[in-house]
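Because the structure is predicted, anything quoted here is derived from the model rather than measured. A, B, ... follow the sequence lines: proteins, then strands. Residue 1 opens every chain.
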Amino acid sequence: MTRSRYILKRLLQTIPLIAGIMVLVMLLLHVVPGDPARAIGGMAASDETVEQIREELGLNRSFVAQYIAYVGNALQGDLGISTRSRQPVTEIIGERLAPTLWLLTAGMILSIVLASAVSVLAARNKDRAADYALGGLTVIGLSMPAYWVGIMLLLLVALPTGAFPISGFGKGFWGHLNAIILPALTFAIAISPVMIRALRAKLVALYRNDFVMMSRAVGLSESTILARHLSRHAALVLITMVSVQVGPMIFVGVVIEKTFALPGLGQALVNAVAQRDFPVVQGITLTTALFVTFVHLGADIFTSFVNPRTVLE
Amino acid sequence: MTGWLEIRDLSVDFPVGGTRRNPVLLHALRSVDISVPRGSVFGIVGESGCGKSTLARVVGGLTDPTSGEVSLEGQTLGAERHGADRRRIQMVFQDPGASLNPAMSVRRMLTQLLRHHRLVPDDQIDARLAELMAMVNMPRPTLDRHPRALSGGQRQRIAIARALALEPEILIADEPTSALDVSVQASVLNLLRGLVRDLGMTMIFISHDLATVRHICDEVAVMYLGRIVERAPTGDLFTAPRHPYTGALMSAVPRIGAPARRRIVPLDAEQPSPMAPIEGCAFHNRCPLAVAECAAHRPPLNGTGHAWACHNPLDPEPEEDGNAAR
Amino acid sequence: MLTKALPHSFRGRLVVAAAALLLTLPVAPSAALADGTLTIGRPADVSAMSVFSHSTIEDEIVHPMLFDTLVYGSKDDPGYVPGLAESWDFDSASNSYVFKLRANAAFSDGSPVTAADVVYSLSAAKEKSQNYKGMLAGMTAAEAVDDHTVKVTLAGPDNIFMSGLIWVYVLPENMNGKDADAFFAEPLASGPFALDAWTPGSSMSLVRNPHYWNAAETGLDRVDMKIIQGDNERLAAFQSGDIDIYENVRFDFIDQIPEAQRHIVSPTARTMFLFTNNYKPPFDSIEARKALSYAVDRDAIGEALWPGLSVPVQGMLMPGTTGAVPADAGSWDFDLETAEAALAASPTPKPEITLSAAYIRGVDEVLVQAVQAQLQDAGFQVTLNVSDFNTILGQVLNGEFDVWLLGNTTFGTTVAEMFAFYGGAFGPLGGWDLDALGGALEKYLVAPDAAGREAAVRDFENMMRETFTAVPIGHPDTVFAIADGVEGFETLPTTAYRLDRISVNR
Amino acid sequence: MMARIAQRARRGARPLPMKARIGLTILAAYILAGIFGPMLLPFDPDKTDILRRLKPPSNVHWLGTDQLGRDFLTRLVVAIRVDLPIAFAAAFFPMVIGTALGAIAGYYGKLADTVVSRAADLVQAFPVYVFLLVLVFALGAGATSFIVAATVIAWVGYARLARGEVMRLKSLEFVEAARVTGLPERVILTTHVLPNALPQTLIYYMSDVVLMVLVLSSLSFLGVGIQPPTAEWGRMIAEGQPFLRSHWWLAAAPGLMLMVFGTGLSLLADGLDDWLRS
């Protein structure tokens, strides 16, 4: 199979997937026990209110009709209107997107940097004290709740130094950057352990490889070996891990946004959940699901360039 | 004698690639005919990849034939078989390390079979297990062992016990000793031969080892690339092989104290691909005796009793050292 | 912990990149604001932009800024000062007021505020306002004498009417022909500020209305209001300089605010109380309501949660309200055994109830859980229903609640107004006897002397407690944190404050 | 599986690795503390005494009291009875269902495989824990909702694992051998194939429990999980956050409880994995 055919096939595969995602997002409303309109309005809503909610959400119509309407509107950029603020959901998402993207981007960069550094260090010192110590830290890292890491960073870094805002997104580029450091660090501490495990294993295998041995024998420096031979494999592992981890990452992002009061999509989602604002919950869920799908797609396409063998299978 | 177990025109193709509409097929078996009389030991020899294991799997009911059929007492047997039909044909596999479930103790494994086929009443299961252990010369405490705790030879005895538990009429032994240490091969082989004789079973014995086949079988078929190239009663085959391939196999067997055979047939050329269609005799590109005819037409398997498929067979002269092996 | 180990032990380019990232990050200056812009962090948004709906303290801060009123609230007697009406005369013979409007008053689009607008606004408020129509009950007619003169006729002597005008918002006549939804979506302002942007539940921005009659004295060009629900987050926003006014400081955090920046309203005009639904079990039974009241250890709550920041419970009337008299001491006050006995005697000895609360203005999770625990101790099975104010209000409006923990601030200056308010706003929701309330009010209004008024108040309080059972929990102070450089911050009797009196001087 | 581990441990052929022993010790400590701790501690975890709120550690209250005057140590320990059973259950049901679906898909292939694999793709296309959060919200906060929602999303991991293992195992000779003996496919799958996939599944289960306890506490932190006044670590961290400056341990200690538990279980899983592989 040629690469372009592979990419095309991969693109086409996302279509039924997105259709399925939308079914699940629609179904969310229907798993609410009892009458969803009643559940959204609150146990106390009047019959008229409930009827109005039912009308707004299209619950009067058949599921198929609702689905077609929802997909049709979504394609035109209309995800409905918040039952709480009466604001279009797409507008809410647009307003809340920036902090989330900042957090995910900075967090991802920091995670990759942290994971690479620790993995190289551990793999190079395989079965020595440093490896065991880092391995232990990785296991501990896997067991710490992200929000708690954030709170501990507030306690141990932000409060004593006063150098970082305790919450909020700051103002202007530098303000945003400063405000995102601790959340991104929290993100990295939560996300990198999984990456470290995969990357260290790969590096250990690679260091055992003949060509690495040979490179060492002919006197290439370790950093040259790393840059020349290992970086491509490491990049592949990292891309795969990002692809696999993107779902958990988004959840960690939601929790971190709440911990640091970042006014992003995650906070909007948590608030919408608290307010039983269903269209907003659906809209944000759909957005994040699409994001995940496209990250998977992007990772596969990227991999097909770095490692053409994947295309052949 | 009319066959009791009849294998008629049996072919098996495996798709190994290509597209669904236009698959690349591996022809594992091509029009195999075998007839096995009740109570006999039928040997099948050939190099690895000749299709002998596929044949065992078809008879054992693990693989469906692409065409042709296997019948027992006139009744056709496919891969889908009822419990009772299943029970009639049992197999002993090559590697007892792989053919025993590592997660099951011997007792659980055998009890499960006895219960499932309702072979003995529940209260006699213990007695039957003891009996089975005795039949394969294993101490009773072995019942509570897991395969991991047993040696290769012990495992194969357990595998044999598993087959015997079902009281089969036919036992298929697919290279039952080739994965074992040389030191235990003989005892396992003798055990098998003894059991078949004592219990009146029919056995299909598959091997690449001619000496073993000669030692144990009543009749032998030689396979090459999915076909039977020669079939004969054991004595006839070993005294007077007619197919050059059989001759080549025999000459490859080192025999201590025996002079080298006069005509050593070298197997130097590449074996043809089992995927490719073959014109003429499949062996012709490796055959020292090949004639023009061999590349053009495939010779049919001719003869009754001793049959061979060759345009230019070996001379039927008796082997000089024929009795040495006996 | 992981990052710390890196620079020493690993020299690869990856870490160089990481170090560069970490080291080059500047510490951003805390959000420095331009003079003239004020940023407020508050726990909740306005309940609605419409001035006719039920109102919260947030509404009472925002609405007067957008919509002018004839008189403004004041801490001084008689509780109001001239606003849009620069002067007025009262003719006791005809029981009528004549208001002289400011000649330079104008809406934010520049069109003048006329007598016709005021007449419309008065009648709209009387017809539509959920909270305040009771205060306008005595008004029989309102007419425009000329463009800047309005005459209002009352049915009889009425001490509530004038202070009620604090809540009559001036809208353009007939709302410029729009319906309420359309008008309040893009409101035309008559007050000192106009609405610039509003993301409900998230933020609101006001800009100075240059056409306001007193625009010259408006100290701010712009007000940004951020809705920051979490107590932690609001505190953090104040400490990082993101907000200048931190509304509703949680008492647990007071030590974290420098004394100079604290603004404590004490005694506050606030009552925290439990409001029961007397329409349905269990609180349709007086025994259950009695148990509820006896179960709450008000002293412990005051001492533990509001140490030095509350006054002992007096009753439903706020201690700061003129004429408030403590209810009979000891009646239905904390006594666990009596609570248990009362509950055992009620038709539902093991009632399962829902305690509803919204975490705004003095209600925090600690208070809610403390009350929950105290009720549990007395034998109630209590499920919490914590949501935002509007959700809870919606449930209460539909009668689907058992007991609601909330705070209420006075919005008038005399007990009579509070009588009217409790009767008008809460009475129908809780299933209270409005005739009895009306009787109490009447008794107060006709009382000949101070002693008589005191007796009337005491009767009212006893009625509230024993018949209606709104169980007061305490009168916590209201605490603001005000950043340095913010001048002119002063609360009204209601604990609301006027933004147009504030200026920023950094 | 357990019998096999026990058997091997009894034989003492290979001692458990240090990792597994540390993990086992930690796990045992938690379970014992969860069972006996509340009996030994003299306080009622839900008994509030707001007059004694936010007390520092003392002879009476070893870790002080929380914001409602409840004994903090008691609540830390009692929370074991909340977090651990829910996490173990929330990973257990998906293990059963996921393993069953994966095994069927891997063993029978064809349509079963297509359906299961596509359903798994679909779930994995979601940011699964966000989906879980939303599901819990839709179903109403609480332990049952959490377990149901966790089952809806977490079966996928088990299904993929079981599918792979079963596909690997079903081509092994002992499965063919079992087929020759005439056992029905269903019996072969359940008694010959699955038991051999169990060790890996159990190891995956342990790491999944770690994940579940973190997700559960995260949801409670966000206010969607376990509701007050039930003692739950994530909820306790959220309630302790306002007092970070003055009573930092209120937020720190529940996180440590989570961390040590997770570390212990992870070490046990790692150690058992090494042990079974060696």
When the 4.5 angstrom heavy-atom criterion is applied to D:Val224 and chain A, the contacting part is side chain
With chain A, the option among D:Ala238, D:Gly234, D:Ala119 that has the most non-hydrogen atom pairs under 4.5 Å is D:Gly234
Whatever's closer than 4.5 Å to a heavy atom in chain A on D:Leu256 counts as both
Value for OG1 (D:Thr263) from CG (A:Leu142), rounded to nearest 0.5 Å, stands at 8.5 Å
Criterion side chain to side chain contact (heavy atoms under 4.5 Å, CB included) on D:Val128 and A:Val292, from CA distance to verdict: CA-CA 10 Å; D:Val128 281; A:Val292 169; over 6 Å; no
In this structure, OG of A:Ser143 is separated from CG of D:Leu214 (nearest 0.5 Å) by 6.5 Å
Assert top hit (heavy-atom pairs under 4.5 Å, partner chain D, pool A:Val252, A:Val254, A:Ile284, A:Leu155) equals A:Leu155
Exercise. Kindly check if the number of other-residue, nucleotide or ligand heavy atoms within 6.0 Å of CZ (D:Phe92) is above 12?
Key: no
Max heavy-atom pairs within cutoff under 4.5 Å with chain A, candidates D:Leu122, D:Val215, D:Val213, D:Leu132, goes to D:Leu122
Separation between CE (A:Met152) and CD1 (D:Ile237), nearest 0.5 Å, reads 7.5 Å
Worksheet item: Just wondering, are more than 12 heavy atoms of other shown residues or ligands nearer than 6.0 Å to CH2 in D:Trp249?
Response: yes
To the nearest 0.5 Å, atom CZ of D:Phe126 lies from atom CD1 of A:Ile21 at 5.5 Å
Applying a strict 4.5 Å limit to non-hydrogen atoms, the region of D:Phe261 in contact with chain A is neither
Open item on the list: Under a 3.5 Å distance rule, please check whether A:Trp148 uses its side chain to pair with a backbone N or O of D:Pro254 as donor and acceptor.
Closed with: no
Taking it one step at a time, do A:Ile151 and D:Phe221 satisfy side chain to side chain contact (heavy atoms under 4.5 Å, CB included)?
CA-CA 12 Å; A:Ile151 292 173; D:Phe221 176 79; 3.9 Å; yes
Output for pair (A:Leu154 CG, D:Arg245 CZ), nearest 0.5 Å, gives 9.0 Å
Most heavy-atom pairs under 4.5 Å with chain D, out of A:Leu28, A:Leu286, A:Val270, belong to A:Leu28
If one checks every heavy atom of A:Ile18 against chain D at 4.5 Å, the contacting part turns out to be neither
Smallest heavy-atom separation, D:Ser217 atom then A:Pro145 atom, equals OG-CB, 4.2 Å
Whatever's closer than 4.5 Å to a heavy atom in chain D on A:Ile250 counts as both
Please state whether the rings of D:Phe137 and A:Phe278 are parallel, tilted or perpendicular, taking 30° and 60° as the class boundaries. tilted
Most heavy-atom pairs under 4.5 Å with chain D, out of A:Val244, A:Thr14, A:Thr259, belong to A:Thr259
In this structure, CD1 of A:Ile140 is separated from CE of D:Met259 (nearest 0.5 Å) by 5.0 Å
Checklist entry - Please walk me through it: do D:Asp270 and A:Arg197 pass side chain to side chain contact (heavy atoms under 4.5 Å, CB included)? => result CA-CA 12 Å; D:Asp270 276 11; A:Arg197 295 199 134 192; 2.5 Å; yes
Honestly, the part of A:Val281 sitting under 4.5 Å from a heavy atom of chain D is side chain
Per-residue tally against chain A (heavy atom, under 4.5 Å) across D:Gly223, D:Ala141, D:Ala252, D:Ser266 peaks at D:Ala252
Margin query: Is any side-chain heavy atom of A:Phe251 closer than 4.5 Å to one of D:Pro127?
Written below: no
